[in-house]
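See below for the structure under consideration.
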Amino acid sequence: MIPKELDETDIKIINALKKNGRISMTDLGRQVYLTSQAVKNRLERLQDLGIVERYTVNVNCPVFGYAVHGIFELTLSEDKRSDFLAFVKTTEYHILHCYAVDDGRKIFIDAHFDSESSRAALLTALSAYGSCQLHPVTAEIHSNHPADE
C-alpha cells in the first residue's frame, strides 16, 4: 500500500535510491525528469515524512572474514527478555538484524561469523535466554525487483 502523500515520481525516486543510494541528484533527476534541485526538495520531503530514514551500505561479509552465516530462531523465556536485550546491545558477535515477531517472545537473529565454532558459540549463548534453533544459511537470494515497483 502506497501512502497517500506519495505520487508516481516519489515512488520512482524511492526505487532508484533502493538500487543505488549513492546516486547523484543530477542523475536521479534525469531518471525522473526533474531538476536536481527539485529532486533534492522531494527527497527532503520524503525524509521529513519519515519515508526515507537513512542511507546504508551493504558490506560483503565474506570479504571481511565472515564466511559463515546463520539465522537463529529464539523463543524467549518469560523472565529473560531484559537480559536478552542487554546481551544483544553489548555482544561482540556480528549480528546484522534482530527481529521480534508475533508476541515479541519469538526472535529471529541474522548473524555472520568467522568460523563454525563461533556460530556454535552464539547458539550456546542464546540458549541461556530460551529455546534456540540454528538455521544455517546456504545461499543468499537477491531480488531484482524493488517491492514498490
Would you kindly confirm whether Ile107 and Ile71 end up in one hydrophobic cluster when ILVMFWY residues are joined by side chain heavy atoms under 4.5 Å apart? no

Start with the C-alpha distance between Thr9 and Val39, add both sets of side-chain angles, then the distance that settles side chain to side chain contact (heavy atoms under 4.5 Å, CB included), and finish with yes or no. CA-CA 9 Å; Thr9 302; Val39 167; over 6 Å; no

If you group Ile, Leu, Val, Met, Phe, Trp and Tyr by side-chain heavy-atom gaps below 4.5 Å, do Phe113 and Phe108 land in one group? no

Starting at OG of Ser36, measure out to CG of Asn41 and round the result to the nearest 0.5 Å. 9.5 Å

Please check: side-chain N/O of Ser77 versus main-chain N/O of Asp79, any donor-acceptor pairing under 3.5 Å? no

Around atom CD of Glu5, are there more than 12 heavy atoms from other residues, nucleotides or ligands closer than 6.0 Å? yes

Which atom of Val137 lies closest to which atom of Arg119, heavy atoms considered: N-NH1, 4.4 Å

So which of Lys12, Arg42, Arg45 actually passes salt bridge (Lys or Arg N to Asp or Glu O under 4.0 Å) with Asp7? Arg42

Residues pairing under ring pair (Phe, Tyr, Trp, His ring centres under 6.0 Å) where one sits in residues 116-140, two or more places apart or in two chains, turn out to be Phe84-Tyr129, Phe87-Tyr129

Rounded to the nearest 0.5 Å, how far apart are OG of Ser118 and OH of Tyr66? 8.5 Å

Hey, is the main chain of Ala120 close enough, under 3.5 Å, to the side chain of Thr124 for a donor-acceptor pair? yes

For the hydrophobic clusters of this structure (ILVMFWY residues joined by side-chain heavy atoms under 4.5 Å, transitively), does one cluster hold both Leu134 and Leu122? yes

Less than 4.0 angstrom from a charged side-chain N to a carboxylate O is my criterion; do Arg105 and Glu78 meet it? yes

Going only through I, L, V, M, F, W and Y residues with side-chain contacts under 4.5 Å, is there a path from Ile11 to Leu34? yes

Output side-chain donor-acceptor pairs under 3.5 Å for residues 20-29, partner residues at least two apart or in another chain, one line each.
residue: Asn20; atom: OD1; partner: Arg22; partner atom: N; Å: 3.0
residue: Asn20; atom: OD1; partner: Ile23; partner atom: N; Å: 3.4
residue: Ser24; atom: OG; partner: Asp27; partner atom: N; Å: 3.0
residue: Ser24; atom: OG; partner: Asp27; partner atom: OD2; Å: 3.4
residue: Asp27; atom: OD1; partner: Arg30; partner atom: NH1; Å: 2.6

Say whether Leu96 and Phe64 are linked into one hydrophobic cluster, either directly or through other cluster members, by side-chain heavy-atom distances under 4.5 angstrom. no

With no hydrogens and no angle check, do the side chains of Asp110 and His69 hold a donor and an acceptor under 3.5 Å apart? yes

Roughly how far, to the nearest 0.5 Å, is NZ of Lys106 from OG1 of Thr75? 3.0 Å

Within the side chain of Thr90, is there an N or O that forms a donor-acceptor pair under 3.5 Å with the backbone of Ala86? yes

Verdict with supporting geometry, Val68 and Asp114, side chain to side chain contact (heavy atoms under 4.5 Å, CB included): CA-CA 6 Å; Val68 179; Asp114 59 358; over 6 Å; no

Closest non-hydrogen atoms of Cys132 and Leu126, given as atom of the first, atom of the second and distance, are SG-CB, 3.8 Å

